[in-house]
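Written out below as structure tokens is the structure these notes cover.
Every chain is numbered from 1, with letters handed out A, B, ... down the list of sequences.
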2 protein chains.
Amino acid sequence: MAGISNKCLYALRALLELSGLERGQARSIPAIAKNQDIPLKFLESIMRELKEAGFVSSTRGKEGGYRLVLNPNEFSPGQVVRTFQPPNSLPSTSCCFSQIVNEAEKAWFDQFDKCSFRDVLRKKAEQNSVPDFSI
Amino acid sequence: MAGISNKCLYALRALLELSGLERGQARSIPAIAKNQDIPLKFLESIMRELKEAGFVSSTRGKEGGYRLVLNPNEFSPGQVVRTFQPPNSLPSTSCCFSQIVNEAEKAWFDQFDKCSFRDVLRKKAEQNSVPDFSI
DNA sequence: CTTATCCCTAGTTAGCCGATAGGGATAGTA
DNA sequence: TACTATCCCTATCGGCTAACTAGGGATAAG
């Protein structure tokens with residue numbers, strides 16, 4: 001199956017970075033692109049889409065950048081995924097499998113609602129603080 | 001998100017048709033293509049893949065065709081979907097979202113294991129026998 | 001007025017999905 | 001043997017989309 005697109009993953013990672021900032025603080029595209037290793041121009045277009053969708057706001061000029069509009073506690077990856085990868089609206093020739101297909105799609109999306117950006121951030125922090133004995 | 005491919009749906013429908021036959025009975029590609037409205041040559045390649053995967057067997061010549069290897073009761077769409085749309089093996093740069101992505105993928109595939117081909121066949125029969133008052 | 005930032009429109013490129021072309025091999029039937 | 005219905009194989013093609021790039025324009029702060 002197709003899974004999640006690169007673009008959508010970039011969007012999630014950019015938003016996760018913004019989630020780590022203090023409320024109202026902004027971060028520039030070049031900074032995010034560098035930290036997250038995302039192609040600059042591509043990120044530009046993604047951030048604009050995120051703005052249109054209402055997830056972030058922006059200010060131009062020096063010291064400008066993007067900031068999160070929503071509270072990371074009440075903001076789930078699912079909301080983003082649904083905007084960036086809209087459901088397939090089932091193949092026109094609906095057959096005996098379309099119900100299964102629809103349910104599968106729903107199950108897929110639902111996974112992204114199970115935690116907030118804050119949760120992801122917390123988990124990331126835990127991972128980084130735990131020493132790695134795997135080698 | 002991407003959802004299921006046409007090819008995979010064709011495969012499912014072809015197998016469903018074979019599921020409706022008596023055990024061991026074969027059906028030809030032209031017949032399946034006509035009944036299911038699937039492009040002939042495309043179906044040909046799909047049936048070959050289904051054979052390689054071990055889902056069907058075939059005989060050539062007159063009165064030949066494809067037949068189901070497995071029992072429709074113990075054969076789920078999931079087994080087919082997994083062969084035709086192999087899991088994405090997560091994007092190489094595993095990030096904090098890869099766990100969620102993997103779980104979403106699993107949830108998607110799992111939906112296709114919830115019933116057997118026999119079940120789908122049964123549901124289809126019910127639908128066709130119930131008169132449609134929706135218009 | 002300079003610089004750092006966001007904003008916009010339009011490409012380009014590679015890969016894949018869906019489908020097709022054109023035959024070859026094989027198994028029954030007469 | 002010849003005929004025909006079937007499966008078997010390889011190669012190819014068009015169109016679409018995802019991913020990314022180019023080249024600037026608008027704006028805000030100092």
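B:Asp37 places its CG atom 15 Å from the P atom of C:dG18, with the value rounded to the nearest Å. Note: CD (A:Glu49) to C1' (C:dC7) measures 14 Å, nearest angstrom. Whole-Å rounding puts the A:Glu44 CD to C:dT9 P distance at 13 Å. Atom-to-atom, CD1 of B:Ile4 to P of C:dC17 comes out at 13 Å; the value is rounded to the nearest Å. Distance, B:Glu52 CD to D:dC7 P: 15 Å, rounded to whole Å. Residue B:Lys51 contributes atom NZ, which lies 12 Å from atom C1' of D:dT6 at whole-angstrom precision. As rounded to whole Å, 8 Å separates atom C1' of D:dA28 from atom CZ of A:Arg60. Computed from coordinates, the A:Asn6 CG to C:dT13 C1' distance equals 15 Å when rounded to whole Å.
Where A:Gly61 and B:Ser28 each meet DNA chain D at their nearest nucleotide, the meeting point lying more 5' is that of B:Ser28.
Judged by distance alone, the side chain of B:Asp119 and the main-chain N or O of B:Ser116 form a donor-acceptor pair under 3.5 Å. When atom types are taken as modelled, the side chain of A:Arg67 and the backbone of A:Gln25 share no donor-acceptor pair closer than 3.5 angstrom.
In terms of phosphate contacts, A:Lys41 brings no side-chain nitrogen or oxygen within less than 4.0 Å of OP1 or OP2 of D:dA19. Taking side-chain N and O atoms only, B:Tyr10 has no distance below 4.0 Å to OP1 or OP2 of C:dC17. The shortest distance between the side-chain N/O atoms of B:Lys62 and the OP1/OP2 oxygens of C:dT26 is not below 4.0 Å. For A:Ser58, a side-chain nitrogen or oxygen approaches OP1 or OP2 of C:dC7 to under 4.0 Å.
Side chains of A:Lys7 and A:Phe42 form a contact here, defined as non-hydrogen atoms less than 4.5 Å apart.
For an aromatic pair to be called close, the ring centres must be under 6.0 Å apart, and B:Phe97 with A:Phe112 fails this.
The residue B:Leu40 sits apart from the nucleic acid: no heavy atom pair falls under 4.0 Å. B:Ser45 comes within 4.0 angstrom of no nucleic acid atom, judged by non-hydrogen atoms across all strands.
In this structure, A:Glu63 places its CD atom where only 12 or fewer heavy-atom neighbours from other residues, nucleotides or ligands lie under 6.0 Å away.
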